[in-house]
Participant: 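Questions regarding the structure given below will be posed in turn.
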Amino acid sequence: MAERIEVLLTEEEVDRRIQEIGDQISRDYAGKQVHLVCVLKGGSFFMCELAKRISVPVSIDFMSVSSYGGDTKSSGVVRIVKDLDEPLKDKHVIVVEDIVDSGRTLSYLLDMLDSRGPLDVRLCTLLDKPDRRVVDVKVDYTGFNIPDEFVVGYGLDYDQKYRNLPYIGVVKFE
């Protein structure tokens, strides 16, 4: 089955919104340091661009989780594939994610990270699909609310393709 990509959000729109989020985080954490926790793999593109736009001191760490197993739908069972390298105690933590949909994995992840003693834990996502939410998750910083479409680009993939697109596109199957 062939697919084509239709642009949903242009590179300029994404770039402008990331700058706005970086400015907001810089205001919210004025005089403090933030610790960004990137959820791999998709969140890496967004986190790198976001970190460049935050004017307060930033440290970063990476984590990989899985709740899909071999299926295309979340199993609801979260498995830590790669844990953080640094402790979170007494840090202002912002979890950086590419997209929030059902909220199952992030709800578990946020609770787990909060139990590690940070000063606070907030969630920042480039894309949010609130229509898909089955678990209530508070998103503190949102790039864009999008419809329930299969999207790629800016770290999001379809079968490991299209992560490197500088815009957000919708996959259309032909």
Side-chain angles (χ1 to χ4, degrees), residues 3-26 34-54 58-74 78-86 93-110 113 121-133 137-173:
E3 69 267 1
R4 62 183 167 78
I5 310 302
E6 291 182 1
V7 176
L8 177 65
L9 299 163
T10 67
E11 182 176 2
E12 294 76 22
E13 290 173 307
V14 173
D15 191 54
R16 183 171 43 255
R17 185 65 188 125
I18 294 172
Q19 181 64 57
E20 292 168 357
I21 296 169
D23 291 344
Q24 183 64 53
I25 290 171
S26 299
V34 294
H35 187 69
L36 303 180
V37 172
C38 175
V39 181
L40 294 171
K41 297 177 184 173
S44 60
F45 288 73
F46 175 43
M47 188 191 72
C48 289
E49 292 302 317
L50 179 63
K52 293 190 294 189
R53 291 162 173 85
I54 297 174
V58 171
S59 57
I60 63 172
D61 206 343
F62 299 88
M63 157 170 253
S64 182
V65 298
S66 173
S67 63
Y68 290 88
D71 203 350
T72 57
K73 293 190 177 185
S74 176
V78 179
R79 184 172 62 93
I80 305 298
V81 179
K82 184 229 176 286
D83 206 342
L84 300 172
D85 293 328
E86 299 179 27
V93 173
I94 301 175
V95 175
V96 180
E97 181 65 285
D98 54 359
I99 191 165
V100 177
D101 52 30
S102 74
R104 284 187 186 108
T105 301
L106 277 171
S107 176
Y108 173 86
L109 183 62
L110 292 169
L113 295 178
V121 177
R122 292 191 179 174
L123 175 59
C124 179
T125 187
L126 180 59
L127 304 173
D128 191 0
K129 288 185 182 179
D131 293 342
R132 300 244 322 143
R133 199 81 81 247
V137 174
K138 180 179 186 267
V139 181
D140 301 282
Y141 304 99
T142 302
F144 301 92
N145 284 323
I146 63 168
D148 187 12
E149 303 253 23
F150 195 92
V151 292
V152 294
Y154 232 90
L156 294 143
D157 74 295
Y158 168 67
D159 197 25
Q160 296 299 323
K161 298 183 291 188
Y162 308 116
R163 284 189 198 278
N164 61 319
L165 295 176
Y167 58 86
I168 303 298
V170 176
V171 178
K172 298 292 183 177
F173 297 97

Participant: So L50 and I94, do their side chains get closer than 4.5 Å, heavy atoms only?
Facilitator: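 No, too far: nothing below the 4.5 Å cut-off.
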Participant: Please list, chain by chain and in numerical order, all residues satisfying side chain to side chain contact (heavy atoms under 4.5 Å, CB included) with D85, sequence neighbours excluded.
Facilitator: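 Result, side chain to side chain contact (heavy atoms under 4.5 Å, CB included) vs D85: D61, K82.
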Participant: Given the rule in the side chain to side chain contact (heavy atoms under 4.5 Å, CB included) test, do L113 and M63 qualify, once you have shown the distances and angles that lead to the verdict?
Facilitator: CA-CA 11 Å; L113 295 178; M63 157 170 253; 4.2 Å; yes
Participant: Under the salt bridge (Lys or Arg N to Asp or Glu O under 4.0 Å) rule, collect the residues that match up with R17, sequence neighbours excluded.
Facilitator: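 Once residues adjacent in sequence are excluded, the partners of R17 under the salt bridge (Lys or Arg N to Asp or Glu O under 4.0 Å) criterion are E20.
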Participant: Looking at residues at least two apart in the chain, or sitting in another chain, which of them share a side-chain hydrogen bond (donor to acceptor under 3.5 Å, both in side chains) with R4?
Facilitator: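 Once residues adjacent in sequence are excluded, the partners of R4 under the side-chain hydrogen bond (donor to acceptor under 3.5 Å, both in side chains) criterion are E6, E174.
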Participant: Please identify each residue that fulfils side chain to side chain contact (heavy atoms under 4.5 Å, CB included) with Y162, with sequence neighbours left out.
Facilitator: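 Residues passing side chain to side chain contact (heavy atoms under 4.5 Å, CB included) with Y162: E3, I5, V152, Y158, L165.
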Participant: List in chain and number order the residues that pass salt bridge (Lys or Arg N to Asp or Glu O under 4.0 Å) with D23, two or more places apart in sequence or in another chain; answer none if no residue qualifies.
Facilitator: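 Once residues adjacent in sequence are excluded, D23 has no partner under the salt bridge (Lys or Arg N to Asp or Glu O under 4.0 Å) criterion.
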Participant: For residues 164-173, which residue pairs pass the salt bridge (charged side-chain N to carboxylate O under 4.0 Å, His left out) check, not counting sequence neighbours?
Facilitator: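 Every pair satisfying salt bridge (charged side-chain N to carboxylate O under 4.0 Å, His left out) with a residue in residues 164-173: E149-K172.
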Participant: If the condition is side-chain hydrogen bond (donor to acceptor under 3.5 Å, both in side chains), which residues does Q24 pass it with, not counting sequence neighbours?
Facilitator: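 By the side-chain hydrogen bond (donor to acceptor under 3.5 Å, both in side chains) rule, Q24 matches R27, D28.
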Participant: Quick one: pull up CD1 in I99 and CG in L126 and give me the separation to the nearest 0.5 Å.
Facilitator: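 Going from the CD1 atom of I99 to the CG atom of L126 covers 8.5 Å.
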Participant: By side-chain hydrogen bond (donor to acceptor under 3.5 Å, both in side chains), which residues pair with N164, not counting sequence neighbours?
Facilitator: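 Listed in chain order: nothing, the list is empty.
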Participant: With the side chain counted from C-beta on, respond yes when D98 and F46 share a heavy-atom pair under 4.5 Å apart, and no when they do not.
Facilitator: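 They are not in side-chain contact.
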Participant: With distance as the sole test, does S107 use its side chain to make a donor-acceptor pair with the main-chain N or O of R104 at under 3.5 Å?
Facilitator: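 It does not hold such a pair.
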Participant: Once you round to the nearest 0.5 Å, how far does CG of D148 lie from NZ of K129?
Facilitator: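 Spacing of CG (D148) from NZ (K129) equals 5.0 Å.
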Participant: With sequence neighbours left out, write down each residue that passes side chain to side chain contact (heavy atoms under 4.5 Å, CB included) with P166, or none if nothing qualifies.
Facilitator: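 Per chain and number, P166 pairs via side chain to side chain contact (heavy atoms under 4.5 Å, CB included) with E11.
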Participant: Going by the side-chain contact (heavy atoms from CB on, under 4.5 Å) test, name the single residue among V14, L8, L9 that passes it with L127.
Facilitator: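 Between L127 and the candidates, side-chain contact (heavy atoms from CB on, under 4.5 Å) is satisfied uniquely by L9.
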Participant: Please list, chain by chain and in numerical order, all residues satisfying side-chain hydrogen bond (donor to acceptor under 3.5 Å, both in side chains) with R132, sequence neighbours excluded.
Facilitator: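 With sequence neighbours excluded, R132 shows a side-chain hydrogen bond (donor to acceptor under 3.5 Å, both in side chains) to no residue whatsoever.
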Participant: What is the minimum heavy-atom distance between Y154 and I168, and which atoms define it?
Facilitator: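 Heavy-atom minimum between the residues: CB-CD1, 3.6 Å.
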Participant: To the nearest 0.5 Å, what is the distance between CG (D140) and CG (L110)?
Facilitator: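 With rounding to 0.5 Å, CG (D140) is 8.5 Å from CG (L110).
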Participant: To the nearest 0.5 Å, how far apart are CD1 in I21 and CZ in F144?
Facilitator: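 Spacing of CD1 (I21) from CZ (F144) equals 7.5 Å.
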Participant: Sequence neighbours left out, what passes side chain to side chain contact (heavy atoms under 4.5 Å, CB included) with E12? Give chain and number order.
Facilitator: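 Residues passing side chain to side chain contact (heavy atoms under 4.5 Å, CB included) with E12: T10.
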Participant: Measuring only between side-chain heavy atoms, which start at C-beta, is I60 closer than 4.5 Å to C38?
Facilitator: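 Side chain of I60 against side chain of C38, heavy atoms only: no contact under 4.5 Å found.
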Participant: Supply the atom-to-atom distance L109 CG to I80 CD1, rounded to the nearest 0.5 angstrom.
Facilitator: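 Rounded to the nearest 0.5 Å, the CG-CD1 separation comes out at 6.0 Å.
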Participant: Could you tell me whether the side chain of L40 reaches within less than 4.5 Å of the side chain of V81, counting heavy atoms only?
Facilitator: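 When only atoms from C-beta onward are counted, L40 and V81 do not touch, as no gap falls below 4.5 Å.
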Participant: Could you measure the distance from the OG atom of S102 to the CZ atom of R133? Nearest 0.5 Å is fine.
Facilitator: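 Going from the OG atom of S102 to the CZ atom of R133 covers 8.0 Å.
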